[in-house]
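Data block below; observations after.
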Amino acid sequence: MLKKDILDLINNFEMETWKYDNNDKLDNDMQYIYSIEKEIKNDDFNLKLIYDKLIALMGIIRFKYGFESIIINSNPELEFLKKIIDDISLNSNDIINQYNYVLMMYNNFTSKIKNMDFIENKYTDIQGEEGLYLAIESLKSLITNDEYRKLLDASQINNILVDCVKLNNGIVNIKTIELKYKEIIKQIWEHSLTNAIGDNGKFRFLFSNISGGNLKEKANLLVNRPNQSSCSMISSDFIATYGSDTRRIGFIYPNNSEIIMTSAYDLGSNVFGNGLVNQEKGTLLATPEVIEKIGIARAKRKGEDLYSSSCYNEILVNARPCGIVVLGLGEKDLNIDYQDAKMLSLEMNLPIYYIDTMQYKNNLSEADKNYITFHSIMSYLGISTTDLLQTDIDYAKIYEIINTYKEQIAEVFLTLKKNGNLTKDNMCQIMSNIVDISKTNVKSK
C-alpha cells in the first residue's frame, strides 16, 4: 500500500460526500479526514494502521450522514444503533473497534430485512418516470422476493439497499445501476420464465401476439424482423396482450432470450426499425414479479379481468421463437385461426400450446364474450380470416350480430363447456336456433 492509495481514497470519499445533505456537523467531521491527509503528506506512518483508521472514520461518517443513514433513520428498530453512532467521537483512540462493532450490528440487521416499505418510491404515478419507478420497485423485490434473494450474499443486500436509496433520490444514473445488477437480473429472468406449460398449469411466457391480416404472412414478417421482437410477459396469474382483440395467437420466446428493454407499459417500440419512442418508460433493471404486480394493479383499477386485460407490458428481446401459443377459452375449432395456427406450427417446426384461460377463473369477462361470440359467429357463417380480408365483407353487420346475440351465445358456450359437449358442430347447431341471419343481410357460406 502506498500513500497515493490513501490519498486517492480520501479524494473519492470527498466526492461522495458532496451528494450528502450538507450541514455543519458533516463539515466538522470531515476535518478528521483532512487531518489524516495532511499528516501522511508530511511524515512517514504505519500506512496499514492509517488505512484502517481512515476506513473506520469514513464508515462512521456514512452511518451519520450518508445513504446508510437514511436506512438507519427509516427503521425504528435501529434507534439504539443511531444513538451509539451519534455518541462516537471521531478522535477516539478506539475508533476502529467502535466502527467494527457498529458495522457488525448494522449488517446483522440489514441481512434480515424483508420489508422495503420504508423506501417510498418517489416516482409513483409520475408520467415520464415509469422506468425509474419500475427500477426502484425491482431493486426492492431483489430483497423481498425469497427466490430472488437466494441469489444474493450479505454484502449485496446492503449494496442494494444503498443503491435503492441513491436511485430513489436521483443521486445515481440508472444506467450505472442497470449495469451493476445485469447478471442477477439475467438469472432471475431465466429462472422465472418457462418454455412450456407445467403439469400444474403454471407458466410464464414472453408472448408476441400475431395480430391482424393473414396469420402465416404476419408470422413470417415477425420471424424475419431485422432488429428485435416485442413481447408481453404473460403467466398463469395474469394475461394482457397487445394487438387484436379477436386473435390471441402468437410466438413464445426462450427463457434465456437476450432482453433489450423492459417496461410495465407500452414502450412505443418499432420492431422493424431502430430505437424506442418512450425510452423513459423502460429499464433493464426490472424483475418479472414487479412487472406483473404493476399490470395486475392497473387492471384491477380499470375493473378488468386478469386474463383478458388491456394493461399489457412490453419486453423487447433479441431471440427466435421456441413455440406457438393459442390463448383461448376452450373453443379450439370454433376459433377461425386455430387450424391455421396448427399448420403454422408444422411449417415452422415449433410446438403449439393451447391455454384455456377458463381453468384459471369462473366467469367470462366482456372481452371474453366479445371474443367467443366473434369466433362463434364467424364459424357459424363459414367466414374465414381470408374472407375478412376481402373488401366485400360488411363489418358493421357482423358486429351488429355480435352485439345482438353476445349474451345468448356466451351462455350456450359456457353450458356446453360445463357439460363437456363443446364442439364446433354442437355450437353451430344451437346457434341456428338463435341467430336470425335474414335480418342482417350477411350471407353465410
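Just so you know, these numbers come straight off a predicted model, no measurement behind them.
No donor-acceptor pair under 3.5 Å is formed between the side chain of Ser263 and the backbone N or O of Glu314. Judged purely by atom type and a 3.5 angstrom limit, Ser309 uses its side chain to pair as donor or acceptor with the backbone of Cys311. Checking side-chain atoms of Asp305 against main-chain N and O of Ser365 turns up no donor-acceptor pair under 3.5 Å. When atom types are taken as modelled, the side chain of Asn121 and the backbone of Tyr133 share a donor-acceptor pair closer than 3.5 angstrom. Under the 3.5 Å distance criterion, the side-chain polar atoms of Ser232 are left unmatched by any main-chain donor or acceptor of Tyr312.
Expressed to the nearest 0.5 Å, how far CZ of Arg204 lies from CD of Glu292 amounts to 4.5 Å. Taken to the nearest 0.5 Å, the CG atom of Asp94 stands 13.0 Å off from the OH atom of Tyr101.
Taking the six-membered ring where the residue is Trp, the centroids of Phe207 and Tyr253 are separated by 6.0 Å or more. In summary, the aromatic rings of Phe238 and Tyr307 are positioned with their centroids too far apart to meet the 6.0 Å limit.
Here Lys216 pairs with Glu347 in a salt bridge; the nearest charged N to carboxylate O distance falls below 4.0 Å. Taking 4.0 Å as the cut-off between side-chain N and carboxylate O, Asp29 and Lys64 count as a salt-bridged pair. A salt bridge is defined here as a Lys NZ or Arg NE, NH1 or NH2 lying under 4.0 Å from an Asp or Glu carboxylate O, and Glu366 with Lys406 meets this definition. Ion pairing of Asp146 with Lys150 is absent here, as no side-chain N (NZ or NE/NH1/NH2) approaches a carboxylate O to less than 4.0 Å. Taking 4.0 Å as the cut-off between side-chain N and carboxylate O, Lys82 and Glu79 do not count as a salt-bridged pair.
Under a cutoff of 6.0 Å and an axis angle of 45°, Lys25 and Tyr65 do not form a cation-pi pair.
Shortest non-hydrogen contact noted between Leu167 and Ile174 is CD1-CA, 4.0 Å.
At most 12 non-hydrogen atoms from other residues, nucleotides or ligands lie less than 6.0 angstrom from NZ of Lys218. For CG of Asp245, the number of neighbouring non-hydrogen atoms (other residues, nucleotides, ligands) closer than 6.0 Å is 12 at most.
Asn335 and Glu331 share a side-chain donor-acceptor pair at under 3.5 Å. Between Lys302 and Ser310, the side chains place a donor N or O and an acceptor N or O closer than 3.5 Å (distance only, hydrogens not considered).
Not counting sequence neighbours, Asp333 has no partner by the salt bridge (charged side-chain N to carboxylate O under 4.0 Å, His left out) test.
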Note to self: Working note: Arg62 + Glu16, criterion salt bridge (Lys or Arg N to Asp or Glu O under 4.0 Å); need CA distance, chi angles, decisive distance, verdict.
What the structure shows: CA-CA 10 Å; Arg62 285 192 179 103; Glu16 176 188 322; 3.0 Å; yes

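For the pairing with Asp356, the salt bridge (charged side-chain N to carboxylate O under 4.0 Å, His left out) check across Arg248, Lys332, Lys417 returns one residue only, Lys417.
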